[in-house]
Amino acid sequence: MTNETDQQSDEATAPTIDALIAERRRKRETLAEQGFDPYPSRFDRTALADDLQERHAGLEKDTRTGEQVRLAGRVTAVRRHGKLSFATLADASGSIQLLLQAAALSDQAAAVLEAVDLGDWIGAEGEVITSRRGELSVDATELWLLSKALRPLPDKWHGLTETDTRYRQREVDLLANPDSRRVFDIRFKAIAAMRRHMESEHYVEVETPILQLQAGGAIARPFSTHSNALDIDLHLRIAPELYLKRLVIGGYERVFEIARNFRNEGISTRHSPEFTALEAYRAFGDVTDGMDLTEALVAGAAQAAIGRFGVAFGDSEVDLTPPWPRLALLDLLEERLGVRVHPTDPVDDLRGVCEAHGVTPNPEWGPGKLVFELYDQVLLPGLVAPVFVCGFPVEVSPLARHTADDPTMADRFELCIVGREFANGYSELNIPEEQAARFEVSAAAKSRGDDEAHPADLAFVRSLQYGLPPTAGIGVGIDRLIMLLAEVEAIRDVILFPMLRPESTE
RNA sequence: GCGCCCCUAGCUCAACGGUGGAGCACCGGACACUUAAUCCGGAGGUUGGGUGGUUCGAGUCCCCCGGGGCGCACCA
């Protein structure tokens, strides 16, 4: 921290916070003047709070264990009683009480106790005991200030509620709000579990380009940037799909990437401009293997992250216990609409069905897109319990293999839970000529100004000409899965540092 | 992009259009078993910004700007 930065913040904030910071600085300087380093370079700890709590659970009150420990963490509470004080020390594992008797403290410990503020990082050494009231404590004889919190932490009881500050200063949110920690612990446990599962299935984790000449693999508007060295415009990836399939062509028969994707589109409770997806490709598999993998990943993530299959989301209670039904889209639509639709139906008929169910058809939409919109707007919202919806129109699946007996439908599934889509997968289209033809159609649409068309990627077609084996591919929306598991409704609550407008300078 | 709502001390919240308060945190003091410690005293404010408007008087009503939230539209 430089003086320049300090001065800036001094000018930018109200005088009272400056007074609070100045007071904490004064305490730090006092410690330094007494010869105690306020910023030691390291600290060796020998115990974690939760480990002590577990090992000494149920101990009688007023017990001395004889066990000497060194702890480190943040001070979250101090209760001073003249010559006896108590402090709560919180580390990454949990928290434990420090018992601080003036007569037992070293000179440094006494000075640190005098100078300590809520939020400071400290180290403590002492014997594990229980207090007269029976609380497990460390009867400290030594204290070290490890780093001072110059800024006061949010109210320990009420935490931090302003969402703006919670997102902009996530570190403060994390240390003030246990529920925020809970959500991100779920996130990281879920992702770790999925990674373990992929590893156990012998998938190789790979990294593919984020900066791409052409943003392919999905249908979305990309972010743009520029390479100075090459003097070319580039796009941030909207999906890793095409590169992952090229790796399968190259001989990596099972690959996956936990990929940050970027889409220059609307921001909402459910949409973040950068979001995380797990994409996986498995040679010699088809859409059925994709569903098996998806089911194992999601169920395994739930088990690892929250230890149960039941979740309450919004007004819904859902049971994620596998297996989940695999039902044909066209059957589900027939059941829901009372009429059987198919991409080969006359467009006007399909438009009529749309209108009858409150879907306003866009004149540009072909029959496949009309069927898809019926699914998306009419069927999907009612799919609460987990279900694999199988079989989607080729028209809206430009990279998926068509069904053996129906050239207008693709071997593709979507996983639907609580009326939302959580995963998507298909048997990959591996016939170069057919892929080229699909690109031609979509590129023509794109040149007519259709933003929703997939761009033609000739390099990818060339790759397919070297031979993509039969391959199953899946994509799982990680952020939305975490929302479901953590039972939170805003995508920003599961992203550590969500994209926000620039902070106001006023 | 459109509509509705929110922004008051470091944090959490009050204040009919009539002198901006409380709890926690902070400062000084007391206190040897507390745990949202307690008790006594004190300090802390350009009410998101606006030498915009209405009014005798604006935190409060209106307008503009900034940020955020929710809903709708696009999207996963």
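Atoms considered below: every heavy atom in the structure, side chains included; atoms not considered: hydrogens, waters and symmetry mates. Within every chain, numbering begins at 1; the chains are lettered A, B, ... in the order of the sequence lines, protein sequences first and strands thereafter.
As judged by a 4.0 angstrom heavy-atom cut-off over every strand, Ser272(A) is placed among the base-contacting residues. At the heavy-atom level, Glu135(A) lies under 4.0 Å from base atoms of the strands shown. The residue Gly159(A) sits close only to the backbone: its heavy atoms come under 4.0 Å of sugar-phosphate atoms, none of a base. Nucleic acid contact class of Glu162(A) (heavy atoms, under 4.0 Å, all strands): sugar-phosphate only. Ser131(A) comes within 4.0 angstrom of a base, heavy atoms only. Leu153(A) comes within 4.0 angstrom of nothing in the nucleic acid, heavy atoms only.
Nucleotide G66(B) forms a Watson-Crick or G-U wobble pair with C7(B), both donor-acceptor distances falling under 3.5 Å. In this structure G45(B) sits in no base pair that meets the Watson-Crick or G-U test at under 3.5 Å. Across all strands shown, the partner of A22(B) is U12(B), judged by Watson-Crick or G-U wobble contacts whose two distances both fall under 3.5 Å. Across all strands shown, nothing is found opposite C31(B) as a Watson-Crick or G-U wobble partner with both distances under 3.5 Å.
If you take atom P in U47(B) and the same atom in A36(B), they sit 36 Å apart, rounded to whole Å. Spacing of P atoms, C39(B) relative to A25(B), comes out at 11 Å, to the nearest Å. Using atom P as the reference point in both G20(B) and G3(B), the two lie 35 Å apart (nearest Å). Using P as the reference atom, G49(B) and U60(B) are 11 Å apart when rounded to the nearest Å. U46(B) and C11(B) have their P atoms separated by 13 Å, with the value rounded to a whole Å. For the P atoms, the distance from G68(B) to G57(B) is 35 Å, rounded to whole Å. Between A14(B) and G59(B), the distance separating the two C1' atoms is 12 Å to the nearest Å.
Each of Glu279(A), Glu257(A), Glu207(A) was scored for a salt bridge (charged side-chain N to carboxylate O under 4.0 Å, His left out) with Arg237(A), with one residue passing: Glu257(A).
Counting heavy atoms from C-beta outward, Leu71(A) and Leu52(A) have side chains that approach closer than 4.5 Å. Looking only at side-chain heavy atoms (C-beta outward), Trp324(A) and Glu295(A) come within less than 4.5 Å of each other.
A straight line from CH2 of Trp157(A) to P of G23(B) spans 17 Å, rounded to a whole angstrom. Between the P atom of C26(B) and the CG atom of Asp155(A) lies a distance of 11 Å, rounded to the nearest Å. Atom CG of Asp164(A) is separated from atom P of G68(B) by 6 Å (rounded to the nearest Å). Spacing between atom CZ of Phe372(A) and atom P of C74(B) amounts to 12 Å, rounded to whole angstrom units. Between the CH2 atom of Trp365(A) and the P atom of C74(B) there is a distance of 7 Å, given to the nearest Å. Gln97(A) places its CD atom 10 Å from the P atom of A37(B), with the value rounded to the nearest Å.
When distances run from any side-chain atom of Ala77(A) to the nucleotides C27(B), C11(B), A37(B), the shortest one goes to A37(B). The nucleotide whose nearest atom lies closest to any side-chain atom of Arg480(A) is, among A76(B), G68(B), C33(B), A76(B). For His81(A), taking side-chain heavy atoms from C-beta onward, the closest of the listed nucleotides C31(B), C26(B), G67(B) is C31(B). Closest approach to the Asp117(A) side chain among A76(B), G68(B), C27(B) is made by C27(B) (side chain taken as heavy atoms from C-beta onward).
For the pair Phe275(A) and A76(B), the ring geometry qualifies as stacking, because the centroid separation is below 5.5 Å while the planes lie within an angle under 30°.
Toward the 5′ end of RNA chain B lies the nearest nucleotide of Thr165(A), the other residue of the pair Thr165(A) and Leu118(A) mapping further downstream. Remark on RNA chain B: of its neighbouring residues Glu114(A) and Pro152(A), the 5'-side contact belongs to Pro152(A), judged by nearest-heavy-atom nucleotide.
Relative orientation of the His454(A) and Phe439(A) rings is parallel, given thresholds of 30° and 60° on the angle between their planes.
For Phe392(A) and Tyr375(A), the distance between ring centers is under 6.0 angstrom.
Counting non-hydrogen atoms of neighbouring residues, nucleotides and ligands closer than 6.0 angstrom, the CZ atom of Arg260(A) reaches no more than 12 such neighbours.
Note on Glu355(A) versus Arg351(A): no salt bridge recorded, every NZ/NE/NH1/NH2 to OD/OE distance being 4.0 Å or above.
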